[in-house]
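All ligand and atom numbering here is 1-based and tracks the order in the structure.
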Amino acid sequence: MRYGHFDDKQREYVITRPDTPLPWINYLGSQDYFGLISNTAGGYSFYRDARLRRLTRYRYNHAPLDVGGRYIYLRDRDSKEFWSPSWQPTRHAAEHYTCRHGLGYTIIGSTYQGIEAETTYFVPPGQSLEVWRLRLTNRRPKPARLSVFSSVEFCLWEAQDDSTNFQRNFSTGQVEVVDGVIYHKTEYRERRDHFAYFACSEKLAGFDTQREAFLGPYGGWERPAAVVKGRSQNSVAHGWAPIGSHHVRLSLKPGETREIIFLLGYHENPPDQKFDPPDSQTINKRTVGPLIERYLSPAAVAQALTALRAEWDKRLAVLQVRTPDPDTNRMLNIWNAYQNNVTFNMSRSASYFESGIGRGMGFRDSNQDLLGFVHMLPERARERLLDLAATQMESGGAYHQYQPLTKRGNFDVGSNFNDDPLWLIVATSAYVKETSDWEVLDEPVPYDNKPGSEQPLYEHLQRSLRYTLDRLGPHGLPLIGRADWNDCLNLNAFTTTPGESFQTTVNKDGKVAESIFIAGLFALAADELAGLAAARGAKAQAAEYLAAAARMSRVVDEHGWDGQWFLRAYDDAGAKVGSRECAEGQIFIEPQGICIMAGMGLADGRAEQALAAVRERLATPHGVLLQQPAYSRYYLNLGEISSYPPGYKENASVFCHTNPWVMIAEARAGHGDQAHDYYRRINPSAREKLSDVHRCEPYVYAQTIAGRDAATHGEAKNSWLTGTAAWNYVAISQWILGIRAGLHGLEIDPVIPANWDGFEATRRYRGGVYHIRVRNPQHTGHGVKQLTVDGQPVEGASVPVLKGEHEVEVVLG
Ligand code: BGC
Ligand code: NOJ
């Protein structure tokens with residue numbers, strides 16, 4: 001069953017009924033100001049940091065679902081009926097409802113008793129404000145007299161404190177209302193120099209800023225007293241819960257349309273110009289005034305929307321493909337690329353499953369997110385790389401995450417995840433391959449943000465490798481530390497305390513537990529660094545890194561191979577994890593993917609064996625499981641992985657992030673059909689028809705799909721913020737379609753389904769535009785037989801770097 005449909009031309013997903021299985025959301029903003037918005041106008045906004053600078057309040061895990069948002073109420077002044085044109089919070093059944101989630105904007109429209117309402121929500125590029133453009137049309141045969149109420153609930157900035165510290169917070173709230181603009185200025189009087197504002201383009205019939213005045217005693221958002229009565233209280237909040245609500249009265253002739261603009265924004269004043277007059281406690285509004293005036297004009301709003309579209313045209317134009325599979329095209333050309341922008345911006349901080357409080361920017365997460373983003377906005381990727389590297393420690397280790405507002409590493413999610421540093425190499429290499437910005441490697445970057453500790457980025461990468469080599473275990477494999485990519489494989493934790501966080505609890509300084517996953521990642525990263533070193537002329541270093549990768553492969557041969565697949569780990573007692581010798585958890589997906597990606601087993605048949613085992617033991621119609629058999633009980637020596645019921649999350653769900661690794665491995669082994677088949681199993685667009693089972697948004701990847709052992713096999717959770725986005729993009733574009741940036745040019749080496757006749761693509765790369773046509777006349781699906789650029793044959797599978805537009809033809813066979 002479907003709840004809507006794709007509109008590929010508009011690049012929108014159109015939801016046609018409001019009661020989706022879960023809130024289906026979108027993101028607004030792409031630089032400093034961000035918002036989450038659901039298909040029924042739920043969600044919240046923040047400036048840079050969802051925890052530290054939250055503008056509006058949201059109630060997670062509320063019943064009914066999705067409470068707190070950008071709500072508008074309409075009231076018919078004659079019949080006294082009222083309703084929400086976004087369905088929530090009043091949930092009146094509209095005659096017609098649509099929500100169009102587009103790239104950086106959402107349009108929610110409905111018609112109720114002949115009153116058509118359409119609200120477009122978006123953040124103008126480069127601005128720290130969001131626009132709500134409401135268009136009202138009277139479809140009745142007679143005039144309509146209406147009241148419009150807007151509403152937002154302000155958050156007192158620090159989202160964690162806001163939801164817990166009521167003894168203080170119920171006394172601090174402050175607002176100003178001047179010329180119809182509501183200013184939220186809690187704590188502005190003391191150490192903050194920022195405030196929020198909520199403005200309206202129309203003359204007001206009233207306003208409210210105190211929540212209980214607007215909602216009424218014991219009132220809820222589904223029935224605010226002001227809306228029921230059709231009258232605002234003109235309340236001014238002193239403490240309690242500051243909100244913003246405008247009341248506009250208007251009359252519409254039959255067929256008449258009116259446009260009302262609301263602005264919700266964030267503004268900072270220079271510390272010495274906070275107040276006006278200077279010795280007062282009144283916000284200086286001269287700095288923000290012109291901005292408000294500008295965006296309250298319909299022309300400026302229309303212009304900003306056009307600019308937003310143009311921005312996305314440009315971003316997406318870097319890679320566009322036309323393959324025989326519409327789900328591939330749609331995801332790659334539109335939604336996957338879009339999601340990559342969101343994961344790049346949010347890391348794992350703010351979604352409908354991540355509260356914006358628990359996590360900042362993850363070190364390994366952001367490095368991987370960059371892989372799917374770097375071609376679209378390389379300048380921002382560069383900045384991110386340097387920020388990440390600045391949170392690396394002198395030991396080469398890394399803070400597991402940092403706070404976006406301060407860019408400082410924090411220990412909120414522990415540290416000593418021994419895979420972390422290696423991802424910096426993978427990300428930096430991808431950036432250099434995309435841009436040929438070799439200078440970035442010489443950029444001085446501090447350790448742990450300490451002034452004076454600056455070393456070239458290249459040195460950081462070298463330390464990343466050394467970090468692994470300094471921490472080898474009894475078999476010569478990398479020690480796992482707190483955990484590797486699989487945060488829940490906690491081989492040094494041994495926790496028995498209920499509720500204790502596996503991520504932050506004190507770990508044994510383990511010198512035994514080893515990870516084959518890190519071994520594979522190390523070999524991959526060492527190869528990448530060798531490539532960078534060689535290109536910089538550091539031949540000896542390049543040779544050293546290649547030798548280190550080869551040594552690690554030999555150790556994996558010897559101690560990391562289980563006979564039919566790659567082992568996962570050795571635990572603290574030296575016992576195997578992910579082995580046929582285990583009672584449960586005999587085979588894990590991660591080492592099969594990453595080791596083959598690093599080239600292990602490709603020459604001697606082990607890769608084929610491992611992939612066959614994956615097909616046989618882990619593949620399901622809903623994707624490839626993380627491990628099998630699922631852990632049926634808690635294992636002290638394994639940690640959080642066994643804390644999940646079988647089939648969920650790391651305990652044997654389809655943990656989607658890992659699936660593209662197997663797709664890449666299949667592609668590297670030359671199996672285009674299998675690679676693309678796995679790709680389609682988790683492709684959200686291909687799963688759209690299963691929306692009742694899948695339940696999450698059909699336009700973005702989710703982190704996890706319940707596995708075969710779960711009661712709800714096929715049900716997705718944790719949509720949006722997942723490394724799946726970047727990696728699936730990499731798998732389909734770089735390894736299946738085979739178009740990938742190399743150090744010295746664009747490589748084109750497809751491994752596609754045999755029955756495809758070919759495909760076309762346009763790739764912008766280092767100042768050139770390549771129109772690529774791949775033909776598959778023999779239906780081999782792979783093997784570049786002939787490559788021509790503008791009709792001229794080229795040796796190998798790499799197109800040289802050229803300016804201007806070029807026709808590239810690739811013949812497989
Ligand atoms: C989740 C992991 C996640 C970790 C991060 C765990 O509870 O299962 O997927 O990586 O938390 O803190
Ligand atoms: C989600 C985390 O954000 C990521 O860092 C981790 O690798 C996966 N879960 C697997 O545990």
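The residues lining ligand 1, counting any heavy atom closer than 4.0 Å, are Arg359, Val413, Asp487, Cys488, Gln503, Glu640, Tyr644, Lys649, Glu650, Phe655, Gln703.
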Provide, line by line, the atom pairs where ligand 2 and the protein bring an N/O atom each to a distance under 3.5 Å; else say none.
unit_1: ligand 2; atom_1: 3 (O); unit_2: Arg359; atom_2: NH1; d: 3.1
unit_1: ligand 2; atom_1: 3 (O); unit_2: Asp365; atom_2: OD1; d: 3.3
unit_1: ligand 2; atom_1: 3 (O); unit_2: Asp365; atom_2: OD2; d: 2.9
unit_1: ligand 2; atom_1: 5 (O); unit_2: Arg364; atom_2: NH1; d: 2.8
unit_1: ligand 2; atom_1: 5 (O); unit_2: Asp365; atom_2: OD1; d: 2.7
unit_1: ligand 2; atom_1: 5 (O); unit_2: Asp365; atom_2: OD2; d: 3.3
unit_1: ligand 2; atom_1: 7 (O); unit_2: Arg364; atom_2: NH1; d: 3.3
unit_1: ligand 2; atom_1: 7 (O); unit_2: Trp485; atom_2: O; d: 2.5
unit_1: ligand 2; atom_1: 7 (O); unit_2: Trp485; atom_2: NE1; d: 3.0
unit_1: ligand 2; atom_1: 11 (O); unit_2: Trp485; atom_2: O; d: 3.4
unit_1: ligand 2; atom_1: 11 (O); unit_2: Asp487; atom_2: N; d: 3.0
unit_1: ligand 2; atom_1: 11 (O); unit_2: Glu650; atom_2: OE2; d: 2.5

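Residues Asn340 and Ala726 share a closest heavy-atom pair of OD1-N, 3.3 Å.
Residues in residues 512-522 take part in no salt bridge (Lys or Arg N to Asp or Glu O under 4.0 Å) pair, two or more places apart or across chains.
With Asn683 contributing its side chain and Ala686 its backbone, the two residues share a donor-acceptor pair below 3.5 Å.
Both tests do not hold together for Arg681 against Tyr679: distance to the six-membered ring centre under 6.0 Å, angle to the ring axis within 45°. Both the sub-6.0 Å distance and the 45° axial angle are not jointly satisfied by Arg382 relative to the ring of Tyr431.
A search for ring-ring contact (aromatic ring centres under 6.0 Å, His included) contacts involving Trp24 returns Tyr3, not counting sequence neighbours.
Taking the six-membered ring for Trp and the full ring otherwise, Trp720 and Tyr352 have centroids separated by 6.0 Å or more.
Just one residue in the list Phe588, Trp661, Phe566, Phe522 forms a ring-ring contact (aromatic ring centres under 6.0 Å, His included) with Phe517, and that residue is Trp661.
Taking the six-membered ring where tryptophan is involved, the planes of Tyr447 and His460 are essentially parallel, since the angle between them stays under 30° and well short of 60°.
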